[in-house]
Every structure is written in structure tokens, then in C-alpha cells.
K.L.:
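Attaching a single structure in C-alpha cells format; questions to follow.
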Amino acid sequence: MRELSRRLLVASEIAADRSVHEAAVMSEKLRIPLTRFAGAEGFASLLRRALVLASVEVPLLQSIKVGLDGRLEGFEELAADPGAAVKSSEAAVAITSHLLGLLGTFIGEPLTLRLVREAWPDTSLDESH
Amino acid sequence: MSGRGNDQRKDQSEVRVPIRQLPTGVPGLDEILGGGLPEYSFNIIAGAPGCGKTTLAHQIMFATATPERPALYFTVLGEPAIKMLRYQQQFGFFDHATMAASIRFINLSHLVMEQDLGAVLDAIMKEIETSNAGIVVVDSFRTVVRKALNGLSEMELQGFVQRLALHLTSWQATTFLIGEYVEGELRDNPVFTVADGLFWLYQNVERNSIVRKMQVMKLRGQESVPGMHTFRITDAGLQTFPRTFGLVGQSGQVKGQRRLSTGVSELDELMGGGIPEGDSLLLAGPSGSGKSTLGTQFIAEGLRQGEPGIVAVFEEIPAEYAQRAAMFGFDFDTPQRMASSRSSISVRWTSPSMRRSTRSSTALRRSAASDWSLTRWSASRWRWPPASALTSASRCTA
């Protein structure tokens, strides 16, 4: 799911002078179809698990939390850290790939990709991932 | 079914999400479950007090917990952890190294007593998030629910159970909720609706005996063997005896075309050469009519032809059985000492406490499978012979 997550990040075309973190943009895109599918609490629970798994790879994510509404919180504090900006894409890919990986574990790849298509309707997912 | 239909079905099975099966560590239980416990499943172990729920949960926990994915055992107003551990470590499956590295006990009694279900859920989730637990046990969940029902609607309770199941699954934990339930509670109880697996343990009185049985009433995601399966609890822990040959329902051994001599040439002639190899034969008749003698002759003939055999005796001890055989001129002592030889026999005595059909036949079937390529069985005064359990041997007389 890592390669797919990288492609999704590129497809998201997040502006370089963005005011929000790439990881927040990615998870927000997935939040709508996943909330419809698994419920708000279900999505928040999966995202929380994905965040913990991603934090092992990208430790700066340890300060990030999942809010009650399923949104990632705490990126404002990270903005002051110049090292965090460098790792921004890496963090976004780590969270997204773990989130999609969890979904793949539970419902399988075809259904996971269907949900991804809902979030990124204009992105081709046909290449190998 | 058309070829296209077959192709479509094959394609479907290729994309289906795989469900890993965890070994339970309970002999025979994986066979009943159709291969093992579905990973990340949310299960209930139910039954009356003393029927083995806690021991079953411990045995599974010791078989599956690892330092990377440890087990969390939440105790709630039931048996205190200190007493539980004192008793559980008497079982053979209890391993102190696993206990130290991979299992944690957490007492939730104060939360259940003083706070609401939300606080209980938060505490459970906090522990799971911190520990990366792969196995979670709540003992007794019935206590949690009973306390909560005071002032809580059924809808709120259902919401709690659903949220608990949702979070535990999201965190990739395989869960067991233990509860002293009675079967009448199956209907309309949200706990049973949400559960993926429901294991019901029984302890029934049958005449003067106590018989332990288990039923897998529900198991999402895979086929399990239906019906009641006998189990026992020994120093080693639980041991289950599947009612049938797992889901296969038959022996993998193909019956031969051979006829086996009974040891009585005239009877062989009447039977067209003897007993067909692989058949189960019931020998019935009044007391003193020669049933046991014919069984002994059958085994003795096998020894003469270099075929190993097993004699299951229920009302004599092996030495007495060998003495009786000696009276007919058959030496059963020497072959019993030649365990690795093909010309050997094993005389197995089954104690009164083991005299349950499924348990006895499974134990004998296992010894047959492990000892030799068995061709001859003789079971003296076999009670309720389950033919399916005996078809792994090529013949049996009772």
C-alpha cells in the first residue's frame, strides 16, 4: 500500500505553501468515504491504530492525536519544527499506507481500492502497488 | 455449472480476504473450529461456573501471546487475579517465561464499581493502545454488563458492546469475553449478536458421571464442526474430542480389498475369506457366548501374520486380559513388550472416568495413528461404538 499511498499523495497536488499538513489532507480525503462505510467511530479507531503504527516509522507523529471527529490534530505544534517539514511527505505516506493496510487486512484489497476510488475519483489505481 | 461460472467462482476465491487462523493450543479444538481461531475475531466463552471457561481462555492465551503482540487479561469482580494465577499455574500449559514476557493482568473492578461503561471502555482501549495487545480477555464480562444494566437502556448496552468490538477489531486484537450465561439468555442479548464466535461450555450429569461438553454455536468467517464435543480437563489443561473427523467427516485411509482372518478358519470360510479390511464389525451376544474370545483370536491371528494390533479393555486390566489369552494358548505378554515391532500389540485399559464414547475412541484413534500402521483392533465391551471414530483402523471387533 506504500506505493499506492505515494501516488495518492502526488495525485492530491497539495500546494507547497500549504497551511495544512499533507497527512491531514490525505486522511481528510479518506475520512468521508470511510465514515460512510465504517461510521465516524470506526474510522477514528482505524486512524488511531494507523497513527500508532506510523509513529514507529516517523517518530515526530507521536505528538499527533486523532480528534473525536476523526480529524488528525496537533500539526500546528509541528509547524515550528524545521525537521518536521522535511518529513512531512514521509509522515503522510506512512499514515495513509497503514490505514489502507489495515483496511486491506479486514476487507481485502478490492474493497479497499473501491473506497480509495471514492476519495480520489480522478486518479488511476491500475498500476501495481 | 458452466466453465465460465467455475472461472468466476475461482476469481472470487482469489480476491477474497484471507482470514488467518490462530492455533488455540487446545488439543482437538482447532479441528473443531475448522483449522483454528479466526484472527481478530470477537468471541464469547459462555457457560455455568466451573465448566472451564477461564482455563480455556488461559490455554488459548498461552498458545498465542508473544512479546510483540502480548495478551491482556482484564479481571472484573470475578476470581481475583492472585487466586486465578495460583490455580492456573498448576496446568501444564502455564509457562512462566511467556507469563513474564507476553501476558499482563489488569484489574478493572474499581472502574466497574465506581464509573460508567465509557470509563471501562476507555481504560481497556488505553491499555491496548499502549501494549499493542494481540489477545484480549475480559473475565467476567457478565459482571461488567450486570453492573451497567442498573440505569442503562438495552440500546446503550448494545452501543457499548458494539464500540468495544469495533475498537478491539480495529486494533487487530482477538478477543474473548467470558461470562456465566445460561442458554435462555441467547435471545435478545446484544453481546451474542455482536460476537463473531460463541463457545458454550457445559458440565452435565449423566447417570453417575460428569460429562464436559463444548459447542461452537457461532463462528463467523469459517465453517466449524457442529454439535456437542466432549472435552476433559486434566493437569495439561483442556483436551477436546471432536465429534467427527473434523470437517472432513471421514478417514483419509482408503479401505483395502483384503480379507482379514478371524483366526477361526471355518468362520472365515463362511464370511467369504474373513472380515473385509477397514470394516467395523459389531460382535453381539449374551454373556459367555464367546465374544471376547473371538476378539482375542482375531488379534492373535494378526500377531501370527505379523500385523500389529490394539486391544481396548474396559472391564479388565491388561494383565488379566493377557492371562485370559494365555489360557487359550496365546502369548500377549511378549508382543506388548515389542512396541516398535510390527508383531506387537498394545492392550489399553480405559479407566471408569474415561468411559465416554467420543473421548475413548479419540484417545484410541490417536494412539493408533501415533503407534503403528494399525490393522487390527479389538475392543472388549465397547460402549456406544462410534463407527466413524474407528474407521482409521482397518478393523474392529466389539
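The sequence lines fix the lettering, A, B, ..., with proteins before strands; numbering per chain opens at 1.
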K.L.:
Can you say whether A:Leu102 sits under 4.5 Å from chain B via the side chain, the backbone, both, or neither, judging by heavy atoms?
P.N.:
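For A:Leu102, the contact with chain B is made by the side chain alone.
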
K.L.:
I need the B:Met125 CE to A:Arg49 CZ distance, nearest 0.5 Å.
P.N.:
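Going from the CE atom of B:Met125 to the CZ atom of A:Arg49 covers 9.5 Å.
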
K.L.:
To the nearest 0.5 Å, what is the distance between CG on A:Leu111 and CZ on B:Arg16?
P.N.:
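Rounded to the nearest 0.5 Å, the CG-CZ separation comes to 12.0 Å.
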
K.L.:
Check whether any side-chain heavy atom of A:Glu41 lies under 4.5 Å from a side-chain heavy atom of B:His167, and answer yes or no.
P.N.:
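Heavy-atom side-chain distance check passes, below 4.5 Å.
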
K.L.:
To check you understand the geometry: which heavy-atom pair defines the closest contact between B:Val17 and A:Ile107, and what is its length?
P.N.:
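Looks like CB-C, 3.9 Å.
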
K.L.:
Is it true that atom CD of B:Gln222 has more than 12 heavy atoms of other residues, nucleotides or ligands lying nearer than 6.0 Å?
P.N.:
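Yes.
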
K.L.:
Decide if atom CZ of B:Arg220 counts as having more than 12 heavy atoms of other residues, nucleotides or ligands within a radius under 6.0 Å.
P.N.:
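Atom CZ in B:Arg220 is packed in, count exceeds 12.
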
K.L.:
Just how far is it from atom CZ of A:Phe106 to atom CD1 of B:Ile19, taken to the nearest 0.5 Å?
P.N.:
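Here the interatomic distance stands at 11.0 Å.
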
